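What follows is a set of notes on a single structure, which appears directly below.
The figures that follow rest on heavy atoms only: side chains count, while hydrogens, waters and symmetry mates do not. Just so we're clear, the structure is a prediction, and the values are computed from it rather than from any experiment. Numbering starts at 1 and runs along the sequence shown.
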Amino acid sequence: MVDKKLGGAGLRGQSAGETALSTVGKSGSGLTYRGYDIKDLAANTRFEEVAYLILYGELPTQAQLDAYRQKLKGLRGLPQALKDVLERIPADAHPMDVMRTGCSMLGNLEMENDFSEQSDITDRLLAAFPSIICYWYRFSHDGVRIETETDDEEIGAHFLHLLHGKKPSQLHADVMSSSLILYAEHEFNASTFTARVCASTLSDMHSCVTGAIGSLRGPLHGGANEAAMELIQDMKDPIDAKTTLKGMLDRKEKIMGFGHAIYRESDPRNAIIKEWSAKLADEFGDSRLYDVSVACEELMWDEKKLFCNADFFHASAYHYMGIPTKLFTPIFVCSRVTGWAAHVMEQRANNRIIRPSADYVGEEPREVMPIAERG
Ligand SMILES: CC(=O)SCCNC(=O)CCNC(=O)[C@H](O)C(C)(C)COP(=O)(O)OP(=O)(O)OC[C@H]1O[C@@H](n2cnc3c(N)ncnc32)[C@H](O)[C@@H]1OP(=O)(O)O
Ligand SMILES: O=C([O-])CC(=O)C(=O)O
């Protein structure tokens with residue numbers, strides 16, 4: 001794994017354009033957003049500061065942050081027509097499909113008429129996504145029509161408040177803020193590239209983000225945090241964890257939450273979310289999920305030199321905060337919309353339609369036979 005060369009299928013190792021937004025896997029610094037190391041950001045900022053950095057180019061002053069939070073707070077309400085749509089989506093729908101539909105419906109109701117509106121449209125999506133997913137979840141699962149306009153200062157706390165019907169503890173608010181920072185931006189990953197391809201046709205912001213949600217949904221990308229939870233939830237203890245994983249590796253099964261297309265030795269986001277998971281396990285008073293996760297990490301490194309990516313310890317961390325597994329990937333959307341939108345804006349600012357070529361491997365030229373002679 002560590003020695004594997006970048007190249008070949010999946011456009012791996014090929015540059016597909018320029019970005020000033022982030023670096024991934026550059027030696028000396030695993031992940032940076034606009035020049036700031038992810039560890040520095042996670043330790044010293046809150047998510048709204050990072051969203052502002054990604055979208056507006058610099059970290060905000062206190063006055064700018066206050067104004068930005070105030071703006072986002074004022075954008076949490078959902079139009080009745082969107083609530084009507086959300087109420088029609090069944091409880092057994094996939095929540096990522098709810099996000100996709102919610103984003104698309106908002107695009108019908110609050111269309112981006114001109115690119116000069118792109119920042120306001122993005123702020124609206126950033127503010128509205130927690131409302132969209134929680135409104136649908138609480139209506140379809142609990143039969144409750146929630147009020148989505150809370151006075152929480154932060155997006156992460158607002159999400160937990162809507163989900164659980166009460167304000168979260170400081171620890172949970174801190175974990176959510178950190179988690180949203182970790183997920184915010186990641187260069188030309190599959191969902192962001194989807195957004196950029198869409199943007200390159202000069203399409204609207206809602207279309208770009210809706211497409212990106214579809215790409216993030218898959219288990220090889222954002223969906224891995226849910227798949228990781230399904231994997232660890234039945235593991236009894238570290239020994240059971242190692243036996244289970246060994247069997248899966250012997251059967252050549254993929255272990256979700258491990259490996260990465262770009263990082264070769266570690267994902268810098270893992271150490272941060274792992275530390276939060278340990279703190280949550282302490283608070284929860286039952287460390288089984290954390291312990292089995294550590295055992296999985298050890299075994300995967302020993303057997304395959306594969307490391308946990310950002311998703312693996314998110315599974316236990318989110319679970320400890322009482323978040324239902326199927327809402328894990330939608331939280332990723334609530335964060336990554338910042339990166340997606342910033343890439344859309346960057347693409348628009350220096351655009352050429354993205355249209356690669358393909359190596360043809362089909363039939364040689366031939367003539368159409370009259371239908372009676374085919375067979
Ligand atoms: C936030 C995110 O989106 S992070 C990614 C989340 N996705 C996952 O966790 C899904 C599981 N992981 C994977 O499927 C892959 O590691 C990906 C999709 C992330 C990267 O794929 P690739 O770039 O093709 O992986 P890479 O080239 O490094 O794979 C090297 C070898 O390790 C194997 N491998 C990679 N990841 C895993 C895994 N999680 N479990 C088992 N084997 C793996 C590959 O099958 C490959 O084996 P091969 O050489 O015999 O074909
Ligand atoms: O970069 C990737 O391929 C996937 C990833 O970790 C992310 O999008 O956060």
Step by step, work out the salt bridge (Lys or Arg N to Asp or Glu O under 4.0 Å) result for Lys167 and Asp151. CA-CA 10 Å; Lys167 281 186 186 288; Asp151 63 355; 2.9 Å; yes

Just by distance, do the side chain of Ser191 and the backbone of Leu216 share a donor-acceptor pair under 3.5 Å? no

Measure from the side-chain N and O atoms of Asp311 to the backbone N and O of Gly257, and report whether any donor-acceptor pair falls under 3.5 Å. no

For [X] and [Y], does a side-chain donor sit closer than 3.5 Å to a side-chain acceptor?
X	Y	result
Thr32	Thr23	yes
Thr338	Tyr52	no
Gln70	Asp66	no
Ser22	Glu185	yes
Ser179	His314	yes
Ser207	Asp204	yes
His158	Thr150	yes
Arg217	Thr329	no

For Lys326 and Glu226, run salt bridge (Lys or Arg N to Asp or Glu O under 4.0 Å): C-alpha distance rounded to whole Å, both residues' side-chain angles, the deciding distance at 0.1 Å, then the answer. CA-CA 6 Å; Lys326 60 187 186 174; Glu226 294 176 25; over 6 Å; no

For [X], which residues count as a salt bridge (charged side-chain N to carboxylate O under 4.0 Å, His left out) partner, sequence neighbours excluded?
X	answer
Lys242	Glu298
Lys71	Asp120, Asp123
Arg251	Glu253
Glu154	Arg46, Arg69

side-chain contact (heavy atoms from CB on, under 4.5 Å) between Cys134 and Thr148, worked out: CA-CA 8 Å; Cys134 291; Thr148 59; over 6 Å; no

Which ILVMFWY residues are connected to Val197, directly or by a chain of links, through side-chain heavy atoms under 4.5 Å apart? Phe188, Phe193, Ile354

Leu202: which other cluster members, linking ILVMFWY side chains closer than 4.5 Å, directly or transitively? Phe115

The residue among Ile213, Ile54, Leu125 that forms side-chain contact (heavy atoms from CB on, under 4.5 Å) with Trp340 is Ile213

Would Leu162 and Arg76 satisfy side-chain contact (heavy atoms from CB on, under 4.5 Å), going step by step from the backbone distance to the final call? CA-CA 11 Å; Leu162 293 184; Arg76 288 175 178 163; over 6 Å; no

Can you check whether [X] reaches [Y] side chain to side chain, under 4.5 Å on heavy atoms?
X	Y	value
Phe129	Ile331	no
Arg88	Thr101	no
Thr122	Met345	yes
Glu110	Pro79	yes
Leu41	Leu182	no
Tyr68	Leu72	yes
Arg336	Asn189	yes
Met248	Leu231	yes

If two hydrophobic side chains count as joined below 4.5 Å and joins carry through other members, does [X] share a cluster with [Y]?
X	Y	result
Tyr263	Phe332	yes
Leu109	Ile132	yes
Met300	Met256	no
Ile133	Ile146	yes
Met111	Val337	no

Under 4.0 Å between a Lys/Arg side-chain N and an Asp/Glu carboxylate O for [X] and [Y]?
X	Y	result
Glu149	Lys73	no
Glu297	Lys274	yes
Glu112	Arg348	yes

Using side-chain hydrogen bond (donor to acceptor under 3.5 Å, both in side chains) as the criterion, list what pairs up with Gln233, not counting sequence neighbours. none

Who are the side-chain hydrogen bond (donor to acceptor under 3.5 Å, both in side chains) partners of Thr19, not counting sequence neighbours? Glu346

Where does the angle between the aromatic ring planes of Tyr137 and His141 fall among parallel (under 30°), tilted (30 to 60°) and perpendicular (over 60°)? parallel

Does Gln80 have more than 12 heavy atoms from other residues, nucleotides or ligands lying within 6.0 Å of its CD? yes

Cys296 and Met235: CA distance, side-chain angles, deciding distance, side-chain contact (heavy atoms from CB on, under 4.5 Å) verdict: CA-CA 10 Å; Cys296 291; Met235 292 174 169; 3.8 Å; yes

Do Phe307 and Phe258 have their ring centres less than 6.0 Å from each other? no

Do Tyr33 and His186 have ring centroids that are under 6.0 Å from one another? no

With sequence neighbours excluded, tell me which residues meet side chain to side chain contact (heavy atoms under 4.5 Å, CB included) with Glu373. Met369, Pro370

Which pairs would a plain distance check flag for residues 357-364, meaning a side-chain donor or acceptor within less than 3.5 Å of a matching protein atom at least two apart in sequence or in another chain?
residue	atom	partner	partner atom	Å
Tyr360	OH	Glu363	N	3.1
Tyr360	OH	Glu363	O	2.7

In a table with atom names and distances, give each donor-acceptor pair under 3.5 Å that connects a side chain of residues 279-287 to protein atoms at least two apart or in another chain.
residue	atom	partner	partner atom	Å
Glu283	OE1	His172	NE2	3.0
Glu283	OE2	His172	NE2	3.4
Asp286	OD1	Arg288	N	2.9
Ser287	OG	Asp291	OD2	2.8

Separation of Ile155 CD1 from Leu180 CG (nearest 0.5 Å): 7.0 Å

Heavy atoms of Ala184 and Val50 approach each other most closely as CB-CG1, 4.4 Å

Tell me every residue that passes ring pair (Phe, Tyr, Trp, His ring centres under 6.0 Å) with Tyr290, counting only those two or more places apart in sequence or in another chain. Phe313

Which is it for Leu78 and Leu106 under the side-chain contact (heavy atoms from CB on, under 4.5 Å) test, yes or no, and what are the steps along the way? CA-CA 9 Å; Leu78 303 180; Leu106 204 58; 5.7 Å; no

